[in-house]
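Working notes, beginning with the structure itself.
For the numbers below, each heavy atom of this structure counts, side chains included, while hydrogens, waters and symmetry mates do not.
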Amino acid sequence: MTTAVVTPGVVTTAAESTTSLVQSVDWLAIAPPVAVAAMALIVLVADLFLPARRKPLLGALTIAGLVAALALLVPLRDGDRSTFCLNEAATGSGSATACSYTADHFALVIQALVLGGALLTALLSLADSRKLPAGEFWFLLLSSASGAALLPAARDLATLVVALEVASLPAFALVGIKRGDRRSSEAALKFFLSSVVATAVMLLGVSFVYATTGTLHLTEIAARLDDVPGQLDTLAKAGVALTLVGFAFKTAAAPFHFWVPDTYVGAPLPIAAYLSVVGKAVGFSGLILVTVIAFPAYADVWGPALAVLAALTMTIGNVAALRQNAGRARSAVRLLAWSSVGQAGYLLVPIAAAAYSSDEHIGSTVAYALMYAVVNLGAFAVAALVARTSPGNRLTDYRGLYASRPLAALAMAFFLLCLAGLPPGIIGLFAKVTVFSAAVDAGLGWLAVVMAVNVVIALYYYLQWTATLFRAPEGTPAEAARAENPADGAVPAPTRHGVPAPLTAAIALTAVAGVVLSGAPQTVLRFAAVSLF
């Protein structure tokens with residue numbers, strides 16, 4: 001039996017009144033992160049029953065789950081779906097615009113970047129999966145990827161924090177997954193301790209923001225921060241600043257970058273690649289959401305702070321990369337780590353510029369992130385190839401790579417030139433120009449000058465590494481034969497080692513993607529521009 005609730009001019013049944021308080025769930029909108037999380041559980045359970053000789057199937061399941069998640073982004077390409085929204089009475093604004101999950105263009109582009117990065121990481125990991133505990137590794141990778149895919153669609157601070165921790169906590173274990181390796185354990189401990197401190201500071205900031213506004217939804221926070229009582233203004237500014245600290249850590253922005261080199265060196269190489277791309281995508285997407293959507297009223301607080309952080313980050317990263325000793329063990333990975341810190345500084349520039357002009361400059365950050373993800377994953381893929389024959393992974397180990405593996409050397413040269421912003425890496429040059437333009441358009445001329453100086457610094461070590469690929473190898477049978485008989489042009493052929501198909505596929509995919517993007521760089525900016533909120 002249904003009773004009626006009678007109000008002047010309106011007759012509503014109790015059943016309808018109750019139903020209106022229940023949130024509906026758009027399962028298609030949340031399908032990509034849910035699919036990855038579901039596959040993580042399937043892998044975890046399957047690991048209990050599969051014999052050791054069948055463990056490689058877990059890697060295949062992981063790749064299938066990530067491909068399925070990417071496919072689920074296609075029906076969402078219109079970018080107009082939201083779910084977990086407050087009802088009208090709760091928002092107090094007469095419309096259900098405060099939602100916790102929004103699958104807009106920005107979220108979809110970042111989710112494609114994150115899931116694509118996780119897929120390439122899985123391909124890199126297949127080559128060395130027998131050296132790692134398969135069940136734990138694939139479960140942790142999928143768990144982290146599910147959190148990373150959730151974060152760009154989050155539209156309240158609680159969901160942001162949860163997604164950030166779901167992406168981060170499995171990453172701690174992945175860094176230290178090489179059992180018995182002291183360097184791996186030390187890297188995981190540094191990563192964990194510094195991340196916990198950053199998260200605690202961020203949670204303190206979130207609590208200050210909530211105390212000031214009484215809400216956690218980003219759009220509601222923006223509306224209420226426009227009219228903060230004078231006695232709460234200092235508390236609100238402190239909350240904004242502290243909230244940004246946590247995301248600055250995830251982006252490896254100075255002075256929160258100290259964990260990066262040791263973590264990348266100690267982690268398995270595919271996980272270092274994962275952190276350099278997916279970890280940064282998580283941090284930058286969270287930073288964009290809280291600054292541009294939640295805190296526009298305090299742009300005078302976070303704008304100058306991010307501009308200074310950008311200048312400091314790119315300078316520290318590039319100068320440290322410049323000082324790397326080529327003969328030091330794992331110097332190649334260490335240089336890529338410091339390079340990623342420098343690249344983080346470039347990525348911060350358009351976000352800082354958004355505080356001084358319109359938020360259209362955020363598209364430059366998204367475009368740069370897409371370029372960086374493709375070529376940096378490719379560089380790590382070639383590093384994984386070299387590590388198979390030279391476990392020390394020194395920069396000197398790349399000398400003469402063209403003589404033994406010409407295609408891999410050409411791919412690595414292309415990736416390094418993209419990172420440097422030089423032709424034929426047109427996409428790298430295009431991305432740097434868009435970031436530089438964002439700084440100039442926002443009136444941040446001093447930041448544009450700092451960026452130009454850092455680009456020149458980076459050119460040196462990128463070109464030096466590129467030149468190393470094509471130099472004659474030292475101490476090889478070929479060189480010895482020439483020394484003994486200079487007139488004899490015949491030299492022994494270099495020793496060849498088999499390359500696993502997944503590793504070859506990862507290098508080929510990133511190289512092809514880089515070439516295609518370099519052929520049509522404007523497509524990247526158009527693709528990124530429609531991703532804005």
Is there side-chain contact between [X] and [Y], with heavy atoms separated by less than 4.5 Å?
X: Val240; Y: Val290; answer: no
X: Val349; Y: Met314; answer: yes
X: Leu242; Y: Leu203; answer: no
X: Leu115; Y: Leu73; answer: yes
X: Val166; Y: Leu150; answer: no
X: Leu28; Y: Pro75; answer: yes
X: Leu193; Y: Val196; answer: no

Counting only heavy atoms from other residues, nucleotides and ligands, does the tally under 6.0 Å from OH of Tyr210 exceed 12? no
Inter- and intrachain pairs under side chain to side chain donor-acceptor pair (under 3.5 Å), touching residues 311-322, at least two apart: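 The answer is Thr315-Asn454, Asn318-Tyr346, Asn318-Asn454, Asn318-Tyr461.
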Restricting to pairs with a member in residues 157-167, which pass side chain to side chain donor-acceptor pair (under 3.5 Å), not counting sequence neighbours?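 Listed by first then second residue: Asp156-Thr159, Glu165-Thr199.
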Over 60° means perpendicular and under 30° means parallel, so classify the ring planes of Phe249 and Phe191, tilted if in between. parallel
Tell me whether the rings of Tyr264 and Phe380 are parallel (<30°), tilted (30 to 60°) or perpendicular (>60°).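 Perpendicular, since the angle between the ring planes exceeds 60°.
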Does any N or O in the side chain of [X] come within less than 3.5 Å of the main-chain N or O of [Y], such that one atom is a donor and the other an acceptor?
X: Arg323; Y: Ala320; result: no
X: His217; Y: Arg155; result: no
X: Tyr372; Y: Ala367; result: no
X: Asn376; Y: Ala273; result: no
X: Thr213; Y: Thr215; result: yes
X: Ser184; Y: Val175; result: yes

With rounding to the nearest 0.5 angstrom, report the [atom1] to [atom2] distance, [X] to [Y].
X: Leu189; Y: Phe172; atom1: CG; atom2: CZ; result: 11.0 Å
X: Met39; Y: Ser146; atom1: CE; atom2: OG; result: 12.5 Å
X: Thr121; Y: Leu66; atom1: OG1; atom2: CG; result: 9.0 Å
X: Phe137; Y: Leu142; atom1: CZ; atom2: CG; result: 10.0 Å
X: Thr234; Y: Phe208; atom1: OG1; atom2: CZ; result: 11.5 Å
X: Leu377; Y: Thr510; atom1: CG; atom2: OG1; result: 7.5 Å

Could you check Met371 against Tyr368 for side-chain contact (heavy atoms from CB on, under 4.5 Å), going step by step and ending with a plain yes or no? CA-CA 5 Å; Met371 179 281 300; Tyr368 199 101; 3.8 Å; yes
[X] versus [Y], closest heavy-atom pair with distance:
X: Pro32; Y: Ala29; value: CD-O, 3.7 Å
X: Leu151; Y: Gly286; value: CD2-N, 3.5 Å
X: Ile177; Y: Pro268; value: CG2-CG, 3.9 Å
X: Ala252; Y: Val260; value: CB-CG2, 3.5 Å
X: Val209; Y: Gly239; value: CG2-C, 3.7 Å
X: Leu289; Y: Ala154; value: CD1-O, 3.5 Å

Go through Asn325 and Ser331 one step at a time and tell me if the side chain to side chain donor-acceptor pair (under 3.5 Å) criterion holds. CA-CA 7 Å; Asn325 182 352; Ser331 55; over 6 Å; no
Considering only residues two or more places apart or on different chains, which pairs with a residue in residues 270-280 satisfy salt bridge (charged side-chain N to carboxylate O under 4.0 Å, His left out)? none
Pairwise salt bridge (charged side-chain N to carboxylate O under 4.0 Å, His left out) hits with a residue in residues 243-271, at least two apart: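 Qualifying pairs, neighbours excluded: Lys190-Asp262, Asp262-Arg334.
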Donor-acceptor pairs under 3.5 Å, side chain of residues 300-309 to any protein atom, not counting sequence neighbours: which ones?
unit_1	atom_1	unit_2	atom_2	d
Trp302	NE1	Phe295	O	2.7
Trp302	NE1	Tyr298	O	3.4

Stepwise side-chain contact (heavy atoms from CB on, under 4.5 Å) check, Met202 with Leu164: CA-CA 11 Å; Met202 182 175 62; Leu164 190 63; 3.3 Å; yes
Would you mind writing out the side-chain donor-acceptor pairs for residues 335-342 within the sub-3.5 Å range, not counting sequence neighbours?
unit_1	atom_1	unit_2	atom_2	d
Ser339	OG	Tyr462	OH	2.4
Ser340	OG	Ala337	O	2.6

Show the numbers, then the answer: is there a side-chain contact (heavy atoms from CB on, under 4.5 Å) between Arg81 and Tyr101? CA-CA 9 Å; Arg81 306 178 79 104; Tyr101 188 100; over 6 Å; no
Does the side-chain contact (heavy atoms from CB on, under 4.5 Å) test come out yes or no for Tyr274 and Ser144, once each step is laid out? CA-CA 10 Å; Tyr274 177 83; Ser144 179; 2.8 Å; yes
